[in-house]
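Whatever order the structure lists ligands and atoms in, that order sets their numbers, starting from 1. FYI, side chains are in, hydrogens and waters are out, and symmetry mates aren't considered; it's all heavy atoms of this structure.
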Amino acid sequence: MSKGNKIPAFGNLQGLKVVYAAVEIAAPESAQLMAEWGADVTWIENTFNGDSMRDTAYVKELERRNQRSLSLNIFKEEGKEVFLKLIETADIFIESSKGPVYEKRGLTDELLWEHNKSLVIVHVSGYGQYGVQERINRAAYDQTAQAFSGYLCQNGAEEQPMIAAPYTGDYMSALMVASSSLAALYKAQKTGVGESIDVAMYEVMLRMGAYYMMDYLNAGITYPRAGARQQNLCGIGVYKCKDGFLSLCLYGAPQNKAILEKIGLGYLWGTDEYPEGTTALWLNSPKADLIQQKIEEYLLTKSVDEVEEDFSNCKIAANKMLTFEELPKHPHFLAREAFIEWETIEGKKVKGPNIFPKFKNNPGQIWRPMPTLGMDTEDILSDLGYSSERIQELSDKGIIKKAESK
Ligand code: COA
């Protein structure tokens, strides 16, 4: 692994240049995935305290590995010049802010396209670049996006809505940023004309959380919050066994037949109420309460490992709920090297998830740890053609911040 500035050639995104200016998870994580798949990722951090992600103890090491840190005041006149030069050779630029900040500060899409007409620009915000004025300028995080999108109102117990953790709104947004920017790039590379993408986090969650909303929008149907169990079907949810929790997803005719037999209700199969071939045991079906009760009673008499194996043999999707302690020791995790170790910039070992997904022909790679704040500022500016005198001048004026240790 290298602490240097030169990215080795690897991955499906080899040669792709991504620049981003954002903090925390939603936008940076999209660039992170691309960095793990071979892209050259430049992380623009402010010159005062850098990305607030730096305040975390360990997760920053995962979510900023393979990146280069450029500490730049992007909105000062001379900072804008550096930024515009930087994006001349970029393929994708991603920013996250409280609404249309870039436009307000003169860094419009049109100006960026004057410097690079095929640039794919992604604006990430809580509520979008346009809409109700007093809303679009608001700060937003995962929890507010979940609340505003119809995602929060679906999760948790009846008396207490609960956030889908950890940071589901951020990570889903990151996936949407990565996929939409690569979609736009596909077109931009064919036409030479760039794109500007307005990723509003609430809309990501609205789109990803619309499964049950469709029933409401089209038929006025609402369901109680799911809690630990699915709203519509028997045998779907988290169940207690005698020594732990099982996550069960009962679906399909042979699976339903098998479970009814196991819980002593085999006589229901093939009746008018549950004809052969019944794929879904609906919660509003005649014996649903009895079926749920018998599943619960049955599982309480069994160990979770025993049920997982037995149900899996009957093609029923069932899995023991693994804890953090169990994950690193699990033979399947070990066989697929789901966790790996790498070295931080200070030379300390850090353990975390490997690179996913696993590409057969062009695998991802970790080529460097998370850089320190501004560690690559001088190298990046010198690659852009700035002389060391000019770099020093920009540093003295506070436009850029150079690496502290240099
Ligand atoms: N150079 C100069 N100024 C910079 C800068 C840079 N490189 N990077 C940020 N700034 C400015 C911002 O424009 C902002 O100025 P303003 O408050 O006058 O608008 C200020 O520094 C603070 O930056 P910001 O990163 O926006 O921090 P914040 O604490 O005010 O807000 C968020 C953080 C995440 C709430 C906000 O950026 C936001 O809502 N983003 C969109 C949604 C999002 O990504 N949420 C986080 C999901 S993990």
Side-chain angles (χ1 to χ4, degrees), residues 19-33 42-56 59-60 62-64 67-84 86-87 93-108 121-131 134-149 151 163-178 180-181 197-205 373-374 376-377 380-381 394-395 397-402:
V19 174
Y20 79 90
V23 296
E24 294 292 329
I25 302 169
E29 180 65 8
S30 65
Q32 178 57 33
L33 293 172
T42 299
W43 166 27
I44 301 181
E45 298 189 76
N46 68 46
T47 46
F48 32 104
N49 50 7
D51 182 346
S52 48
M53 194 66 162
R54 288 193 179 274
D55 298 339
T56 64
V59 68
K60 62 186 177 187
L62 171 68
E63 299 195 349
R64 300 295 184 271
Q67 302 195 11
R68 298 196 287 162
S69 168
L70 164 63
S71 184
L72 170 70
N73 189 326
I74 211 168
F75 298 121
K76 282 263 182 344
E77 263 333 291
E78 288 167 294
K80 277 184 190 171
E81 279 167 30
V82 174
F83 169 68
L84 291 170
L86 180 68
I87 54 109
F93 169 63
I94 305 162
E95 66 88 6
S96 122
S97 37
K98 300 176 284 282
V101 168
Y102 275 65
E103 189 170 287
K104 274 193 261 171
R105 299 201 178 165
L107 288 172
T108 60
I121 304 163
V122 192
H123 298 290
V124 181
S125 63
Y127 305 98
Q129 301 297 299
Y130 69 91
E134 58 85 28
R135 173 148 307 273
I136 58 174
N137 301 313
R138 290 188 189 185
Y141 287 100
D142 162 49
Q143 312 238 341
T144 45
Q146 290 201 31
F148 192 67
S149 62
Y151 212 87
I163 290 292
Y167 310 110
T168 306
D170 293 336
Y171 288 104
M172 281 201 190
S173 297
L175 291 171
M176 189 70 106
V177 173
S180 62
S181 58
I197 310 173
D198 179 357
V199 177
M201 285 177 64
Y202 94 90
E203 285 169 356
V204 172
M205 296 310 278
L373 175 60
D376 304 294
T377 302
I380 293 171
L381 264 73
L394 289 169
S395 171
K397 288 179 173 174
I399 302 294
I400 58 166
K401 191 176 162 105
K402 298 198 287 182

Exercise for the section: For the residue pair Leu86 and Ile44, establish whether any side-chain heavy-atom pair is separated by less than 4.5 Å. Expected result: yes
Show me a pair-per-line table, with atom names and distances to 0.1 Å, of protein N or O atoms that are under 3.5 Å from an N or O of ligand 1.
| unit_1 | atom_1 | unit_2 | atom_2 | d |
| --- | --- | --- | --- | --- |
| ligand 1 | 1 (N) | Leu72 | O | 3.4 |
| ligand 1 | 1 (N) | Ile74 | N | 3.1 |
| ligand 1 | 7 (N) | Leu72 | O | 2.9 |
| ligand 1 | 13 (O) | Arg105 | NH1 | 3.2 |
| ligand 1 | 15 (O) | Arg105 | NH2 | 3.4 |
| ligand 1 | 17 (O) | Lys98 | NZ | 3.1 |
| ligand 1 | 18 (O) | Arg105 | NH2 | 2.9 |
| ligand 1 | 19 (O) | Arg105 | NH2 | 3.4 |
| ligand 1 | 26 (O) | Lys98 | NZ | 3.2 |
| ligand 1 | 30 (O) | Lys98 | NZ | 2.4 |
| ligand 1 | 39 (O) | Ala140 | N | 3.0 |
| ligand 1 | 40 (N) | Ser96 | OG | 3.4 |
| ligand 1 | 44 (O) | Ser96 | OG | 3.0 |
| ligand 1 | 45 (N) | Ala140 | O | 2.8 |

Problem - Residues which pass side-chain hydrogen bond (donor to acceptor under 3.5 Å, both in side chains) with Thr108, listed by chain and number, not counting sequence neighbours - result: none
Exercise for the section: Test the Arg135-Tyr202 pair against the cation-pi criterion, namely NZ or CZ under 6.0 angstrom from the six-membered ring centroid and within 45° of the ring axis. Expected result: no
Problem - Partner residues of Asn73 under the side-chain contact (heavy atoms from CB on, under 4.5 Å) criterion, sequence neighbours left out - result: Thr47, Phe75, Lys76
Exercise for the section: Decide yes or no on side-chain hydrogen bond (donor to acceptor under 3.5 Å, both in side chains) for Tyr20 and Gln67, but give the supporting numbers first. Expected result: CA-CA 10 Å; Tyr20 79 90; Gln67 302 195 11; 2.7 Å; yes
Show which side-chain atoms of residues 123-130 pair as donor or acceptor with protein atoms under 3.5 Å away, not counting sequence neighbours.
| unit_1 | atom_1 | unit_2 | atom_2 | d |
| --- | --- | --- | --- | --- |
| His123 | ND1 | Glu95 | OE2 | 2.6 |
| His123 | NE2 | Asp109 | OD1 | 2.8 |
| Ser125 | OG | Gly128 | N | 2.8 |

